[in-house]
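In each ligand, atom 1 is the first atom listed, and ligand 1 is the first ligand listed.
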Amino acid sequence: MNALEKKFLSQIKARRLVEQGDRILVALSGGPDSMAMLSLFTALRPVLHLQLAVAHCNFLLRGRESDGDEDFVREAALRLGMECFVERFDTRHHASQLKKSLEETARILRYGFFDKVLEEQGFSKVATAHHVSDNAETILFNLFRGASLPALKGIRARNDRIIRPMLLLHKAEIKGYLKEKGIASRIDSSNSSDDYDRNFIRNRVIPLIEERFAHKLMPSLQRVSEQAGELEEFLELYFENLAECEPGLSLVEGRLEVGALRKLTVFEQKEIFKRALREMDTPVDAQALQKLVDLLNSRPGKVVMAGRGLQVLWKGRVLCFLRDPLSSPGSPDALER
Ligand SMILES: Nc1ncnc2c1ncn2[C@@H]1O[C@H](COP(=O)(O)OP(=O)(O)OP(=O)(O)O)[C@@H](O)[C@H]1O
C-alpha cells in the first residue's frame, strides 16, 4: 500500500466507517475524486476482505458527455472485475415535477438510486468521494442560504448507510495519488460554470478568500464543522434526558406544557420548539422560533403562525400545535449533499 492508501485505511478505522467483510457500493461519477476512491478501496480490498461494486447515475443532462461518463465508469468497473449498477434519469422532467433545481433533483435521484441498489442487491454501505473542499463548500453554502448552527457541521462522515471515507483527504493529495497511479478520470464541463451556487462558491468565493487568508480557511471550516457536529451530538443527548425528566417538554398529541417551558432558558425553549416543528413537518426558521418564544411571554388565548399553515395556540396550561387542514406539510430541504 502507498502512503495515501495507508492514510485512507487508518481514517476509515479511526472513524469505524467500514468493517471486515463489508459489501460496499462505490458511487462512481467518473470524476477524479470518485476514481481515486475506487482505487483506494481496491487497495484495501484484500486487507479488509471487502466486496466492492460500482453504482453510477446518468442524469442525461450533458448529452454525449453524460453517455461518455457512463461508458467510462462501466469500463473501469469491468477492468476491476466489479459489478456495475447504472440508472438513467430524465432529470429535467423530475426537476419540473419536484419543483426543485436540477442540482437538488440530481441529488435526490442519486440517493434514491443508491438506496434501491443497497436494498435490492444486499450491500451494507454506499461510499461517496466527498473530501475536505466539498465539506468547506457545503458549510459556506449552508451559511449563505441562512442555515443555523447545526448545518455548519457540513457533510457527515456517516449518515446511516452512506459513508464518506475521503472527508479528511485534501484535493492536492487526491490529485497526487491519481498522478502517481496513472489513473484517468472524466472532467465534468458543468463544474466550471458558475451558474450553480456550489460552483460559484468553489470557483470564485473560496479562491478569493484563500488569496487573502492563505491556508486559514480549510482548517477553520474543518474545526467549525467538527465542533458543530460534536455540539449536535451533545444537544441530542441533553434534550433526550430533559424530555425524560420532564414529559411536558415532548410534543404529545400536538401539545407542550407552558409551565415546563417557562422554566427553561431561551436557548432551551428554542431547541424544544425546533424538535416540535420538525415533528409537525414544518421547516424550522429563526423567525418562527422567536415567535414561539414570544408567545410564552404573552397570555393564554394568543395564537401565532409558525409556518406552512401551522398554528400554535396557548390554551390553558398547554401550547397546542394545530395544522390548518387546507395546507400541506412539506419536507424541508436537505442541507447536506
Ligand atoms: N453521477 C453519479 N453517479 C454516481 N455517483 C455520483 C455521481 N455524481 C456524484 N456521485 C458521487 O457523489 C460524490 C460527490 O459528488 P460531486 O458532484 O461533488 O462529484 P463530481 O464532481 O461529479 O466527481 P468526483 O467527486 O468523482 O470527482 C462523488 O464523488 C461521487 O462519489
Side-chain angles (χ1 to χ4, degrees), residues 8 17 24-41 52-63 65-74 76-77 82-91 94 101-118 123 125-141 154-159 161-179 183-193 195-203 206 334 336-337:
F8 185 65
L17 295 180
I24 295 183
L25 203 56
V26 177
L28 194 63
S29 66
D33 307 328
S34 53
M35 286 304 290
M37 181 171 71
L38 180 67
S39 171
L40 289 166
F41 266 124
L52 302 174
V54 162
H56 176 76
C57 305
N58 184 341
F59 294 113
L60 302 172
L61 288 172
R62 289 173 288 117
E65 206 179 300
S66 293
D67 292 341
D69 290 349
E70 182 184 326
D71 293 342
F72 181 81
V73 163
R74 283 187 190 278
M82 290 180 198
E83 225 177 325
C84 184
F85 302 94
V86 175
E87 187 140 326
R88 303 177 135 224
F89 297 96
D90 184 347
T91 312
H94 285 288
S101 67
L102 286 174
E103 201 186 16
E104 177 64 8
T105 303
R107 203 189 67 80
I108 293 169
L109 294 172
R110 189 159 78 202
Y111 285 111
F113 171 60
F114 295 156
D115 258 348
K116 192 181 91 173
V117 180
L118 284 175
F123 285 92
K125 285 155 197 160
V126 57
T128 66
H130 294 98
H131 51 81
V132 167
S133 311
D134 291 321
N135 198 21
E137 278 161 39
T138 299
I139 294 169
L140 291 177
F141 180 66
I155 303 172
R156 277 171 290 177
R158 178 162 200 169
N159 181 7
R161 291 184 296 180
I162 305 166
I163 55 169
R164 278 90 181 214
M166 317 256 289
L167 211 50
L168 296 179
L169 299 185
H170 291 264
K171 188 75 189 176
E173 294 177 291
I174 297 170
K175 275 189 181 164
Y177 178 75
L178 290 172
K179 199 166 167 204
I183 299 170
S185 60
R186 300 276 297 174
I187 299 300
D188 178 346
S189 62
S190 66
N191 278 351
S192 55
S193 142
D195 292 350
Y196 295 119
D197 288 339
R198 258 180 215 291
N199 290 353
F200 178 76
I201 292 173
R202 177 188 307 159
N203 301 333
I206 291 181
E336 197 183 327
R337 286 221 272 175

Here the gap from Glu104 atom CD to Leu109 atom CG, rounded to the nearest 0.5 Å, amounts to 10.0 Å
Hey, does Ser34 come in under 3.5 Å of ligand 1, counting only N/O atoms on both sides? yes
Main chain of Ser29, side chain of Ser34: is a donor-acceptor contact present, judged purely on distance under 3.5 Å? yes
Under 3.5 Å, N or O to N or O, is Ala129 touching ligand 1 that way? yes
Would you say His130 and ligand 1 have an N/O pair spaced under 3.5 Å apart? no
If you measure every N or O of Arg202 against every N or O of ligand 1, does any of those distances drop under 3.5 Å? no
Closest to atom 8 (N) of ligand 1 among Met166, Arg110, Glu87 (heavy-atom distance): Arg110
Rounded to the nearest 0.5 angstrom, the CG-CE distance for Leu28 and Met37 is 7.5 Å
Classify the contact between Met35 and ligand 1 as side chain, backbone, both or neither, using a heavy-atom distance cut-off of under 4.0 Å. neither
Would the distance check show the side chain of Asp71 and the main-chain N or O of Gly68 forming a donor-acceptor pair, the cut-off being under 3.5 Å? no
Can you confirm, on distance only, whether ligand 1 has an N/O atom lying under 3.5 Å from any N/O atom belonging to Lys171? no
Please list, in number order, the atoms of ligand 1 under 4.0 Å from a heavy atom of Phe59. 1 (N)
Looking at Arg164 and His131, would you say the former's side chain and the latter's main chain have a donor-acceptor pair under 3.5 Å? no
Taking Lys125 for the side chain and Leu17 for the main chain, is one N or O donor matched with an acceptor at less than 3.5 Å? yes
Residues, nucleotides or ligands: over 12 heavy atoms within 6.0 Å of Lys171 NZ: yes
Do any N or O atoms from the side chain of Glu65 and from the backbone of Ser189 form a donor-acceptor pair under 3.5 angstrom? yes
Between Ser185 and ligand 1, which residue portion shows a heavy-atom distance shorter than 4.0 Å: side chain, backbone, both, or neither? neither
What do the steps show when you test Asp67 against Asn58 for side-chain hydrogen bond (donor to acceptor under 3.5 Å, both in side chains), and what is the final call? CA-CA 7 Å; Asp67 292 341; Asn58 184 341; 3.1 Å; yes
Check: Cys57 N/O within less than 3.5 Å of ligand 1 N/O: yes
Have a look at ligand 1 and work out which part of Asn58, if any, has a heavy atom under 4.0 Å from it: side chain, backbone, both or neither. neither
What atoms in ligand 1 come closer than 4.0 Å to a heavy atom of Ala55? 4 (C)
Please say whether Phe114 places an N or O atom under 3.5 Å from an N or O atom belonging to ligand 1. no
Any N or O of Gly30 that comes nearer than 3.5 Å to an N or O of ligand 1? no
With atoms numbered from 1 as shown, which atoms in ligand 1 lie under 4.0 angstrom from a non-hydrogen atom of Leu28? 3 (N), 4 (C), 5 (N)
Looking at Phe59, is its backbone amide N or carbonyl O close enough to the side chain of Thr91 to form a donor-acceptor pair, meaning the two atoms are under 3.5 Å apart? yes
